[in-house]
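Please read the structure below before turning to the comments.
These numbers come from the heavy atoms of this one structure, side chains and all, not from hydrogens, waters or symmetry mates. The chains referred to below are lettered A, B, ... by the order of the sequence lines, with proteins before strands, and numbering in each begins at 1.
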Amino acid sequence: MFRQHFDLPLGEDGSGRFVPWIVAVMVYLATLSVAAGMAVNRSVDKWDIGLEGTVTVEIAASNAAAENAGERMARALSLLRETAGVRSAIPIPDDEISRLLEPWLGQGDVPLTLPIPQLIDVRLEAGTKLDLDALGTLLANAVPGARLDDHQYWTERLSDFGRSVQITSAFIVALVALAGAGTVVFATRAGLAIHREVIELMHLVGSRDSYIAGQFQAHAMSLSLRGGVVGLALGAATLGVLRGIAAPIEGSLLPTVNITAVAWAVLAALPLLAGLIATITARVTVVRALREMP
Amino acid sequence: MGYSADDEVLRGINFHLRTGSFHFLTGPSGAGKTSLLRLMYLAHRASGGVVRIFNRDIAKTRRSVLPGLRRRIGVVFQDFRLLDHLSARDNVALTLRIGRVREDTIRDHVTELLDWVGLGDHLDAKPPTLSDGEKQRVAIARAVIGRPNLLVADEPTGSVDEYQGVRIMRLFEELNRIGTTVVIATHDRRLISQFNYPVMELDHGTFGITGNN
């Protein structure tokens, strides 16, 4: 790809001087965008996997004197445990419910003072075809105030959110690629104008369009790769800082900033992609311009 | 031939150069010598008429074929047209590199030829540091290095002394002896008279060839 001899003094003019800097910014933005997309995607997958095969039964607090909370819980547990396809049904203890509600209601014996619903964590057998709608109806009839939550609402929204982030990320990368290509077109046209006489001479002594284009291509690729590596390094440093900031926020729903080996491979490909786009753009620009010559 | 529909530069010119012939082209300034040369080294396509070079009708030749034809034509430009950022060696090597000749072959041939034109000590000199005569010799070396089938030279001895001028003409004669068709455009009647070659005379609308064609 790189020629030993550059007949065109492309490195000596100012036409491409700004290209590495702009490509660096572009690759930096693309790195953050792709990393964010992948991190959100991983989190959504994690949440999805975490919710897969589980349902939650919620038994609303009742004011009716006849109703005993313990009896209703026992009835619900009994029904669930007798249902084929249910692996386990375990009531969530009050202190666990208190802990879950702590961020909103503060510390204390909240379940004792407020009409907080009782919860049952239900695990299903792997690969079961249990009709959750029927089970929910059965449960509601048997235990007044009982409701079965299969997390479908959340998983659908999480999935929508993940998809939106991915689309936004891809859109940003596409915009960045477009802007990068525009920069290379501008720089290449400037180079063509600056070196018009040299190009004309090369043309007259028998140079093929591809030979001249090859020199612009190699130059554009070299500039873009340099900028791309700088952009990737800055992006990696930023991700490292974000990871450090996010680390203490343990157990939150924040996407993890940990970058896997595959993700690093994808990010490392960004400077190469920038180089490839620059190469193709420079070639198309030069070949189009040279077609004007006889 | 013209640069636009109402700007005709050459008209009514009809000639055929035998392979391996040697011609001078002369005429007053503005007569169209440079335009005729530009047609010959394929810098232009004629707006009318037929230009056949190497048995090809240039008007009907695909653009992608022209670089190959141009590599068979050596051109010495009046204003040298050397690349200032390249050394004398790389300027001469340009046509060979474009033709994808091996680097070691290029090195040997370029060194030998520059030595022959008296620039063996200036291999790495850039054109801005050379005199006009030296630049002209580099330009000639670049034109002949690829042993072209057709050599077109525009005032090739205009910037050199008489001794170098004769040496350059001898070089052209040597090339001609091995089959290169040579066309030398010059105002220099003395130079023309020193060599017994046919002369194409172009004078504002008239064209004629004198001597043995």
Side-chain angles (χ1 to χ4, degrees), chain A residues 1-17 19 187-223 279-280 282-294, chain B residues 3 37-47 51 58-59 61-77 79-87 89-103 106-107 126-127 139 142-146 148-150 152:
Chain A
M1 188 59 75
F2 292 96
R3 280 168 206 284
Q4 196 179 354
H5 290 277
F6 277 86
D7 304 315
L8 285 160
L10 296 170
E12 294 168 21
D13 64 65
S15 63
R17 201 164 292 156
V19 171
T188 304
R189 282 188 183 162
L192 283 166
I194 291 168
H195 303 295
R196 183 165 182 81
E197 284 186 17
V198 179
I199 291 166
E200 197 180 291
L201 176 80
M202 291 172 70
H203 182 72
L204 288 179
V205 297
S207 177
R208 290 187 182 282
D209 292 354
S210 58
Y211 183 87
I212 297 169
Q215 306 217 351
F216 276 93
Q217 277 171 237
H219 184 61
M221 179 178 234
S222 158
L223 294 178
T279 304
I280 293 169
R283 182 178 187 85
V284 170
T285 308
V286 173
V287 168
R288 273 187 175 183
L290 293 180
R291 273 194 208 130
E292 306 287 315
M293 290 184 165
Chain B
Y3 295 104
L37 292 181
R38 285 179 71 82
L39 284 178
M40 293 171 78
Y41 60 74
L42 304 178
H44 279 303
R45 295 207 202 204
S47 52
V51 175
I58 297 305
T61 301
R62 276 186 293 121
R63 191 179 171 277
S64 60
V65 175
L66 294 180
L69 298 182
R70 289 190 184 109
R71 282 199 292 277
R72 296 170 63 188
I73 304 171
V75 188
V76 181
F77 300 97
D79 55 355
F80 320 132
R81 300 190 73 168
L82 298 177
L83 305 184
D84 286 350
H85 63 284
L86 297 182
S87 64
R89 189 202 314 258
D90 284 335
N91 264 286
V92 176
L94 182 67
T95 48
L96 297 181
R97 289 214 172 96
I98 285 170
R100 306 221 183 272
V101 175
R102 284 162 51 104
E103 276 301 318
I106 291 175
R107 193 175 48 244
K126 301 262 172 93
R142 182 181 65 195
V144 303
I145 187 85
N149 298 121
L150 170 64
V152 178

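To the nearest 0.5 Å, atoms CG (B:Leu86) and CG (A:Asp7) are separated by 6.0 Å. One distance of note links CD1 of B:Ile98 with CD1 of A:Ile212; it measures 7.0 Å at 0.5 Å rounding.
When all heavy atoms of B:Arg70 and A:Gly206 are compared, the closest pair comes out as CB-CA, 3.7 Å. Scanning both residues, B:Pro67 and A:Arg208, for their nearest heavy atoms gives CB-CG, 3.9 Å. In terms of heavy-atom proximity, B:Arg63 sits nearest to A:Asp209 at NH1-OD2, 2.6 Å. Shown here for A:Val205 and B:Arg71, the closest heavy-atom pair between the two residues is O-CG, 3.7 Å.
Two residues are said to be in side-chain contact when any heavy atoms from C-beta on lie closer than 4.5 Å; A:Leu204 and B:Leu42 fail this criterion.
Contacts of B:Arg142 with chain A are made by side-chain atoms alone, with heavy-atom separations under 4.5 Å and no backbone atom involved.
When the candidates B:Val75, B:Leu83, B:Asn91, B:Thr95 are compared by the number of heavy-atom contacts under 4.5 Å with chain A, B:Leu83 comes out ahead.
We find that B:Arg81 and A:Glu200 are joined by a salt bridge, their nearest charged nitrogen and carboxylate oxygen being less than 4.0 Å apart.
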